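One structure is given below, encoded as structure tokens.
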Protein chains: 2
Amino acid sequence: MRIGELAARAGTTTRTLRYYESRGLLSARRAVNGYRTYDEEDLKLLRQIRTLQDFGFDLEETRPFVECLRAGHPEGDSCPASLVVYRRKLAELDELIEQLTSVRAQVGAQLARAEAAVPGGPEPKCELGGHA
Amino acid sequence: MRIGELAARAGTTTRTLRYYESRGLLSARRAVNGYRTYDEEDLKLLRQIRTLQDFGFDLEETRPFVECLRAGHPEGDSCPASLVVYRRKLAELDELIEQLTSVRAQVGAQLARAEAAVPGGPEPKCELGGHA
DNA sequence: TCTTGCCTTGACGTCCGCGTCAAGGCTTAC
DNA sequence: GTAAGCCTTGACGCGGACGTCAAGGCAAGA
């Protein structure tokens, strides 16, 4: 299959495929007229890359998975190097989620404080002081 | 004070201050020799910007806070426009944290599956089948 | 006077994953 | 023949928040 079809089947663009090739992630045979030619195995590689990209992996981080598949393994994560990336990414995600949760709490606290200070904003639902 | 001192007191660089000025966030008086001149109020503005930046706010999102302070309010979030940004940012953070948590779970599951398939990796601590 | 250390503006570089345009070649349908 | 729809390489653009370099002016101390 040619680049347009591969891109369509993977839900991406030809530009993206050429970019991956320039990064050494996806190689292509060439037809006599110079057109890139791909097979089902390339589609598998490409889908592996896209899945990891959707997870937020850097392109470089997908390389071990691609090389693993190229080496003939059934899955991109059938190799130790891929597992290392998984573990590192998990640690990064945990760190990031923790930071964002902390920021969320701080921003939430700021909002609550500011709303309390601005009359007419929060529309207080309970009257804390005084009965009249 | 001049730009170098302001930058140092806010823990940033002169380049950053000039960038903020180019974005219209931080204005400066000029000394007769052309040097930028700042006062304590500018430091307050700058610290407001830096705090929000550290929280992950875009520069544009800090603008309402800066304008609020410039308008004479005691805090950058003493104005409704700032509260709107707070609320939007909270929603964005919630959305992002949710997405990252989902990705974390999926990556974790992939890792577990891959480790189970690669012998010698996870070093199983319990023997699930057989008693001997 | 000369050096040192501030300051000025202007402009290009960085990172990343592509988007988009230019200029042209191949193949097939009409 | 020619138009349409593929494909090729090359190269600039983008977004965001600056970093970094260039070339030069200003002020103060030895």
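Quick note on labels: first sequence line is chain A, next is B, and so on, each numbered from 1. Predicted model only: the values in this text are computed from it and were never measured.
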Would you say [N] has OP1 or OP2 under 4.0 Å from some side-chain N or O of [X]?
X: B:R30; N: C:dT9; answer: yes
X: A:Y20; N: C:dC18; answer: yes
X: A:R15; N: D:dG10; answer: no
X: A:Q53; N: C:dC16; answer: no
X: A:T13; N: C:dG19; answer: yes

Taking the six-membered ring of B:F55 as reference, does the cationic atom of B:K89 (NZ for Lys, CZ for Arg) lie under 6.0 Å from its centre and within 45° of its axis?
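Cation-pi check for B:K89 and B:F55: fails.
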
Salt bridge or not for [X] and [Y], using N-O below 4.0 Å?
X: A:R87; Y: A:E92; answer: no
X: A:E21; Y: A:R15; answer: no
X: A:D42; Y: A:R29; answer: yes
X: B:E61; Y: B:R88; answer: yes

| Base, sugar-phosphate, or nothing for A:R36, non-hydrogen atoms under 4.0 angstrom? |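 Sugar-phosphate only.
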
>> Heavy atoms only, 4.0 Å cut-off, all strands: where does A:R2 land among base, sugar-phosphate and nothing?
In response: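 The answer is sugar-phosphate, as A:R2 gets under 4.0 Å only of primed atoms, P, OP1 or OP2.
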
Which nucleotide in the list [options] gets nearest to the side chain of [X]?
X: B:T16; options: C:dG17, D:dG19, D:dC7; answer: D:dG19
X: B:Y35; options: D:dT9, D:dG25, C:dC26; answer: D:dG25
X: A:N33; options: D:dT8, C:dC18, C:dC26; answer: C:dC26

Check your understanding: Which residue lies toward the 5' end of DNA chain D, A:E5 or B:D58, if each is placed at its nearest nucleotide?
Key ->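 Looking at the nearest nucleotide for each, A:E5 comes out on the 5' side.
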
Please figure out whether A:T14 or B:L17 has its closest DNA chain D nucleotide nearer the 5' end.
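First, find each residue's nearest nucleotide; the 5'-ward one identifies A:T14.
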
Whole-Å gap separating [atom2] ([N]) and [atom1] ([X]):
X: B:L6; N: C:dC7; atom1: CG; atom2: C1'; answer: 14 Å
X: A:M1; N: D:dC7; atom1: CE; atom2: C1'; answer: 16 Å
X: A:R18; N: C:dG19; atom1: CZ; atom2: C1'; answer: 12 Å
X: B:R63; N: D:dG16; atom1: CZ; atom2: P; answer: 13 Å
X: A:D54; N: C:dC18; atom1: CG; atom2: C1'; answer: 14 Å
X: A:L46; N: C:dC18; atom1: CG; atom2: P; answer: 10 Å
X: B:Y19; N: D:dC18; atom1: OH; atom2: C1'; answer: 7 Å
X: A:Y38; N: D:dT8; atom1: OH; atom2: P; answer: 7 Å

Dot-bracket assigned to DNA chain C with the 3.5 Å Watson-Crick/G-U criterion, [ ] for crossing and | for other-strand pairs, is ||||||||||||||||||||||||||||||

Taking for each residue the nucleotide of DNA chain C with the nearest heavy atom, is it A:V32 or A:R23 whose nucleotide lies nearer the 5' end?
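Its nucleotide being nearer the 5' end, the pick is A:R23.
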
| message | Quick one about A:Q106 and A:Q110 (side-chain donor to acceptor, distance below 3.5 Å, no hydrogens or angles considered), yes or no? | response |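 Not at all, the side chains of A:Q110 and A:Q106 share no donor-acceptor pair under 3.5 Å.
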
task: For A:Y38 and A:S27, work out which heavy atoms get closest and say how close.
output: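 In this case the closest contact between A:Y38 and A:S27 is CE2-O, 4.0 Å.
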
**Q.** Donor-acceptor contact below 3.5 Å, side chain B:R18 vs main chain B:I3
**A.**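 Checking the backbone N and O of B:I3 against the side chain of B:R18, no donor-acceptor pair under 3.5 Å is found.
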
